[in-house]
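Okay, so here's the structure we're looking at.
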Amino acid sequence: MPVLDLCFSPELLPLYNLSGQTAVIVDVLRASSTIVTALAAGVTHVLPVASLEECAALGRVTGCLTAAERDGQRAPGFDLGNSPFEYLDPARPVAGRALALSTTNGTRALRESLGAAHVVVGTFLNLSAVADFARQQQANVLVVCAGWKGRFCLEDTVFGGALAEQLAPDFDVSSSDAALAARHLWQQAQPDLPAYLLQSAHVRRLNSLEASQDFGFCMEVDRYAAVLPQWREDRLMAW
Ligand code: 3SL
């Protein structure tokens, strides 16, 4: 039976062997929610990059849209930031465009997980798409939490627990303490996910940056139940 494990932060990734695994990259607030929303809105593909310079250069050279966030705020000089709502604005349609994206933690977690056999992006918005994909692959799953600057984040771990709960009949979700803990947290959170996660440090950071409406949006389970961003060659595409 395949195993689901969970890595609390990219800092811990050197302790895990990604080869042959399905890596599920999660940054609920907000990079993975933004990526799912952008692809659902018709963005052709997402190029996640580490540095602001690389992001700007991709925009100049290829003509793609650019989006960048640092410390919760849109970096100056880019077309878009890291709020899912920016990709849903009918006044500024994104459909048919490619997107280069650089964020504080989410794009780092993604780039550092590229040694896995399959790399997909997960968040509450597409929980069922991720679970379906994992069941199809029947490979071990590592949930890679983006965290915050190397530290543990409650919301990413709770998502890992939600995925563990969905996969529990078909996967071993209790052979690591990390997966066990995540599942327990999800069971605590499930009756009222937004109320539970309101306690988290990143929600307080977002609220203080007046991005609190993003929080409510990112809590919607399966709003985009069929959208699965998957790494193909050098980019994320909806699958
Ligand atoms: O760190 C990240 O990748 C971001 O998602 C953080 S924020 O939600 O934009 O503050």
Side-chain angles (χ1 to χ4, degrees), residues 7-13 23-41 43 46-56 58 65-89 94 99-114 119-126 130 143-160 193-194 197-220 223-224 227 229 231 236:
C7 173
F8 289 127
S9 149
E11 296 290 320
L12 297 173
L13 265 175
V24 178
I25 316 306
V26 52
D27 184 8
V28 169
L29 299 171
R30 293 167 292 171
S32 49
S33 299
T34 294
I35 290 168
V36 169
T37 304
L39 290 170
V43 161
V46 178
L47 302 159
V49 292
S51 73
L52 298 180
E53 293 72 23
E54 219 180 325
C55 191
L58 275 170
L65 290 168
T66 59
E69 163 277 331
R70 287 296 179 269
D71 292 329
Q73 289 180 304
R74 182 201 290 200
F78 293 86
D79 301 317
L80 297 147
N82 195 27
S83 166
F85 285 103
E86 292 181 83
Y87 300 81
L88 297 173
D89 180 356
V94 294
L99 174 73
L101 173 70
S102 180
T103 70
T104 311
N105 306 287
T107 51
R108 174 190 172 196
L110 195 134
R111 297 215 62 95
E112 291 183 10
S113 302
L114 293 180
V119 177
V120 299
V121 172
T123 188
F124 292 113
L125 298 173
N126 71 338
V130 176
V143 179
V144 180
C145 300
W148 181 258
K149 298 187 178 177
R151 298 182 183 203
F152 174 92
C153 258
L154 187 60
E155 64 277 9
D156 297 342
T157 307
V158 169
F159 168 81
L193 182 63
L197 287 178
L198 260 182
Q199 308 166 75
S200 82
H202 198 52
V203 172
R204 291 197 299 276
R205 271 191 295 271
L206 285 180
N207 282 341
S208 67
L209 295 168
E210 296 178 357
S212 55
Q213 61 164 1
D214 289 9
F215 168 66
F217 183 88
C218 296
M219 295 299 103
E220 285 183 47
R223 180 186 179 109
Y224 299 121
V227 178
W231 188 257
L236 285 168

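As the structure is a computational prediction, the values presented were derived from the model and not from experiment. Order of appearance sets the numbers: ligands from 1, and atoms from 1 within every ligand.
Annotation: Arg70, atom CZ; neighbour count of heavy atoms from other residues, nucleotides and ligands within 6.0 Å is above 12.
By the criterion of a heavy-atom distance under 4.0 Å, neither the backbone nor the side chain of Arg108 is placed next to ligand 1. When non-hydrogen atoms are compared, ligand 1 lies under 4.0 Å from the backbone of Arg30 as well as from its side chain. Within the 4.0 Å heavy-atom criterion, both parts of Thr104, backbone and side chain, lie near ligand 1. If you look at Asn105 next to ligand 1, the close heavy atoms, those under 4.0 Å, come from the backbone and the side chain alike.
Taking the six-membered ring where tryptophan is involved, the planes of His202 and Trp148 are tilted, since the angle between them lies from 30° to 60°.
The shortest N/O to N/O separation between His202 and ligand 1 falls below 3.5 Å. Residue Trp148 has no N or O atom closer than 3.5 Å to an N or O atom of ligand 1. Between Gly106 and ligand 1, an N or O atom pair is found at a separation short of 3.5 Å.
Distance check, rounded to the nearest 0.5 Å: CG of Asp89 to OG of Ser83 gives 10.0 Å. From Leu13, atom CG reaches atom CD of Glu11 across 9.0 Å, with rounding to the nearest 0.5 Å.
For atom 3 (O) of ligand 1, the choice among Leu110, Thr103, Asp71 with the nearest heavy atom turns out to be Thr103.
Remark: ligand 1 atoms within the under-4.0 Å shell around heavy atoms of Leu29 are 5 (O), 6 (C), 8 (O). Listed by number with element, the atoms of ligand 1 under 4.0 Å from a non-hydrogen atom of Ala31 are 3 (O), 5 (O). Which parts of ligand 1 touch Gly72 is read off a 4.0 Å heavy-atom cut-off, strictly below it: atoms 10 (O).
Between Thr34 and the options Asn82, Asp27, Thr103, Val121, a side-chain contact (heavy atoms from CB on, under 4.5 Å) holds for only Asn82.
The main-chain N or O of Phe8 is never found under 3.5 Å from a side-chain atom of Asp156 such that the two would form a donor-acceptor pair.
Side-chain N/O atoms of Arg30 and Thr123 include no donor and acceptor closer than 3.5 Å.
Nearest approach of Val94 to Ala41, heavy atoms of both residues: CG2-CB, 3.9 Å.
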